[in-house]
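When a residue number appears, it is its place in the shown sequence, counting from 1.
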Amino acid sequence: MNRISSQPGLVSLDDRRRPEPPALVLVAHGSRDPRTLKTVHELLDQVRAQRPDLPVHLGHIELNEPLLPDTLAKLGDAEAVLVPLLLSRGYHVKRDIPEMAAASPARTRVAAPLGPHPLLVDTLHARLVEAGWPTRPDEEMRRESAVVLAAAGSRDPESALDTRRTAKLLAHRLGVPVVPAYASAATPTVDTAIRALTARGRHRIAVASYFTAPGLFARQCAEKAPWMAAAPLGTHPAMADLIIHRYDQVAHPRGAGLRRSAAPPRGATSHELPALAV
C-alpha cells in the first residue's frame with residue numbers, strides 16, 4: 001500500500017523517503033542596530049512560510065549571533081546552500097563567506113548575492129511609491145525628477161558594477177535618471193550625486209535606500225534627501241522570493257525560473273547620466 005508521509009516535503013511511496021533538500025543558510029552581515037536583526041528574522045519567517053519543506057538557518061558574518069561558522073558546525077556534514085543577504089559582489093561574497101564555508105564540515109555551495117536582479121527593482125519602486133513617488137508621473141515631473149540610489153559602498157569594482165546595473169534597471173522602470181551613490185568606500189557620495197543632478201536641472205530628487213534593513217548608513221543617506229527618501233528594502237515580499245530564487249539557482253538549477261519581473265511602465269525610457277566627477 002502506498003503511503004504519504006505526514007512530514008512536509010517527505011512524500012514516500014512504498015515507504016521510500018524522499019531525500020531531504022539542502023539546507024538554506026541565509027548569510028547576513030550583522031549589525032549593531034536591533035532593527036536589522038528583526039528584519040532578518042522576519043525575512044526568514046517569510047522564506048519558511050513559502051517553503052516549509054526546506055531546513056532554513058541563519059548565520060552572520062560578524063556582530064550578531066549565530067555566527068556563520070557556528071551555524072555550519074551545527075549542520076555537521078549536511079548539504080547546504082549559503083545565500084548571502086548582500087546586494088552585490090565584494091569582499092564578503094568573494095572571500096569571507098567561501099572561507100568560512102571551506103572551514104566547515106558541511107557540504108556547502110554559495111549562491112550569488114541578491115543583486116542585481118529585477119525583484120530588487122520591484123522592491124525599490126514599491127518603497128519609492130510608499131514615500132510619495134507618483135505611480136503615473138506626467139512628462140513635466142519626469143523632466144524635473146531623478147533618483148539617487150544610495151548604497152553602502154565597497155572598494156571592489158565589481159560591487160560598483162552591480163550597483164550601477166541596479167541603477168540602470170531602476171531608471172528603466174521609472175523613466176528618470178538614477179545615479180548610484182555611496183555611504184562609504186566609494187564615490188560619488190550622496191551629496192555629490194545630488195549636487196550634480198541639481199546642476200542638470202533636476203529639482204525633485206528622491207533617495208532610494210539600497211540597504212537590506214534600517215541602520216546608520218541608511219539613516220545618514222535618507223537625511224540628505226532634498227525631496228523624499230524611501231525606506232530600505234526590508235521585508236517586502238519580493239525579497240523572500242529572491243532569497244528562494246538564489247537558493248533554487250544552486251540547489252535546483254533547471255527549475256529556478258521566476259515569473260515576476262520589473263517591466264518598465266508603458267512609455268518609460270532608460271536614462272543614464274555621464275559619470276559624475278569626484
Next on the checklist: Tell me whether R107 is salt-bridged to D77, with the criterion being a basic N under 4.0 Å from an acidic carboxylate O.
Outcome noted: no
Checklist entry - Looking at K94, R89, H92, which hits side-chain hydrogen bond (donor to acceptor under 3.5 Å, both in side chains) with D156? => result K94
Checklist entry - Has the side chain of T192 got a donor or acceptor atom that lies under 3.5 Å from a matching backbone atom of P188? => result no
Item to check | Backbone of T235 reached by a side-chain donor or acceptor of Q46 within 3.5 Å | outcome: yes
Checklist entry - Would a 4.5 Å heavy-atom cut-off, applied to side chains only, mark L174 and L170 as touching? => result yes
Item to check | Nearest-0.5 Å distance, CZ of residue F211 to CG of residue L216 | outcome: 9.5 Å
Item to check | Main-chain N/O of R155 paired to S159 side chain as donor or acceptor, under 3.5 Å | outcome: no
Next on the checklist: Treating R202 as the side-chain partner and R143 as the backbone partner, does any N or O pair qualify as donor plus acceptor under 3.5 Å?
Outcome noted: yes
Next on the checklist: Contact between V27 and V83 at the side-chain level, heavy atoms closer than 4.5 Å - yes or no?
Outcome noted: no
Item to check | V178-M141 co-clustered via ILVMFWY side chain contacts under 4.5 Å | outcome: yes
Checklist entry - What are the two closest heavy atoms between A186 and G153, and how far apart are they? => result CB-CA, 4.4 Å
Next on the checklist: Determine whether R51 and D248 satisfy the following criterion, salt bridge (Lys or Arg N to Asp or Glu O under 4.0 Å), listing intermediate values before the conclusion.
Outcome noted: CA-CA 11 Å; R51 293 289 291 272; D248 283 338; 3.0 Å; yes
Next on the checklist: The test is side-chain hydrogen bond (donor to acceptor under 3.5 Å, both in side chains); show your working for H29 and H60 and say whether it passes.
Outcome noted: CA-CA 5 Å; H29 181 276; H60 292 94; over 6 Å; no
Checklist entry - For Q50 and D241, what are the C-alpha separation, side-chain angles and deciding distance, and is it a side-chain hydrogen bond (donor to acceptor under 3.5 Å, both in side chains)? => result CA-CA 9 Å; Q50 287 195 42; D241 291 345; 3.1 Å; yes
Item to check | Shortest non-hydrogen contact from G30 toward N64 | outcome: CA-OD1, 3.2 Å
Next on the checklist: Is there a path of hydrophobic side-chain contacts, each under 4.5 Å between heavy atoms of I/L/V/M/F/W/Y residues, joining L26 to V93?
Outcome noted: no
Checklist entry - What pair of heavy atoms forms the shortest contact from A251 to V81, and how long is it? => result CB-CG2, 4.1 Å
Next on the checklist: Please say yes or no: joined through hydrophobic side-chain contacts below 4.5 Å, possibly via intermediate residues, are V176 and L124 part of one cluster?
Outcome noted: yes
Item to check | Listed partners of D191 passing side-chain hydrogen bond (donor to acceptor under 3.5 Å, both in side chains), at least two apart | outcome: K224
Item to check | Side chain proximity check, V47 to I244, heavy atoms < 4.5 angstrom | outcome: yes
Checklist entry - What distance separates T135 OG1 from L128 CG, expressed to the nearest 0.5 Å? => result 12.5 Å
Checklist entry - Hey, are the side chains of Y210 and P232 touching, using non-hydrogen atoms and a 4.5 Å cut-off? => result no
Checklist entry - Under 3.5 Å, side chain of R200 to main-chain N/O of A196, donor-acceptor pair present? => result yes
Checklist entry - According to a 4.5 Å side-chain heavy-atom criterion applied to Ile, Leu, Val, Met, Phe, Trp and Tyr, with indirect links allowed, do V190 and I205 form part of one hydrophobic cluster? => result yes
Checklist entry - Quick one: does E158's side chain get under 4.5 Å of S88's, heavy atoms only? => result no
Checklist entry - Can you find a heavy atom in the side chain of T39 that is under 4.5 Å from one in the side chain of P214? => result yes
Item to check | Test item: Y182 and S154 side chains (from C-beta on) under 4.5 Å apart, heavy atoms | outcome: no
Checklist entry - Is L82 reachable from I61 through a run of I, L, V, M, F, W or Y residues, each pair having side-chain heavy atoms under 4.5 Å apart? => result yes
Item to check | Main-chain N/O of A101 paired to S104 side chain as donor or acceptor, under 3.5 Å | outcome: yes
Next on the checklist: Looking at Q220, I want to see if its CD is surrounded by more than 12 non-hydrogen atoms of other residues, nucleotides or ligands under 6.0 Å.
Outcome noted: yes
Item to check | Point-to-point distance, once rounded to the nearest 0.5 Å, from CZ of R48 to NE2 of H41 | outcome: 8.5 Å
Next on the checklist: Quick check: do D70 and L67 have side-chain heavy atoms less than 4.5 Å from each other?
Outcome noted: yes
Checklist entry - What do the steps show when you test R246 against L242 for side-chain contact (heavy atoms from CB on, under 4.5 Å), and what is the final call? => result CA-CA 6 Å; R246 290 303 193 208; L242 183 51; 4.2 Å; yes
Checklist entry - Between atom CG of D162 and atom CG of L114, what is the distance when rounded to the nearest 0.5 Å? => result 11.0 Å
Item to check | Stepwise side-chain contact (heavy atoms from CB on, under 4.5 Å) test for V40 and L85 | outcome: CA-CA 9 Å; V40 171; L85 189 61; 3.8 Å; yes
Checklist entry - Can you tell which of H117, H236, R173 makes a side-chain hydrogen bond (donor to acceptor under 3.5 Å, both in side chains) with D122? => result R173
Next on the checklist: Run L24 and I243 through side-chain contact (heavy atoms from CB on, under 4.5 Å) and show every step you take.
Outcome noted: CA-CA 9 Å; L24 187 162; I243 290 167; 4.3 Å; yes
Next on the checklist: Determine whether a donor-acceptor pair (N or O, by modelled atom type, separation under 3.5 Å) exists between the side chain of S184 and the backbone of A152.
Outcome noted: yes
Item to check | Check against side-chain contact (heavy atoms from CB on, under 4.5 Å), L68 and V25 | outcome: CA-CA 9 Å; L68 179 58; V25 179; 3.9 Å; yes
Checklist entry - Do side-chain atoms of R127 reach the backbone of A231 as a donor and acceptor pair under 3.5 angstrom? => result no
Item to check | Donor-acceptor contact below 3.5 Å, side chain T123 vs main chain L119 | outcome: yes
Next on the checklist: Does either side chain, that of T163 or that of T166, offer a donor lying less than 3.5 Å from an acceptor on the other one?
Outcome noted: no
Checklist entry - Quick one: NZ on K168 to CG on L149, what's the gap to the nearest 0.5 Å? => result 15.0 Å
Item to check | Expected output: side-chain R109 to main-chain A80 donor-acceptor under 3.5 Å | outcome: no
Item to check | Separation between CG of L120 and CG of L169, rounded to the nearest 0.5 Å | outcome: 9.0 Å
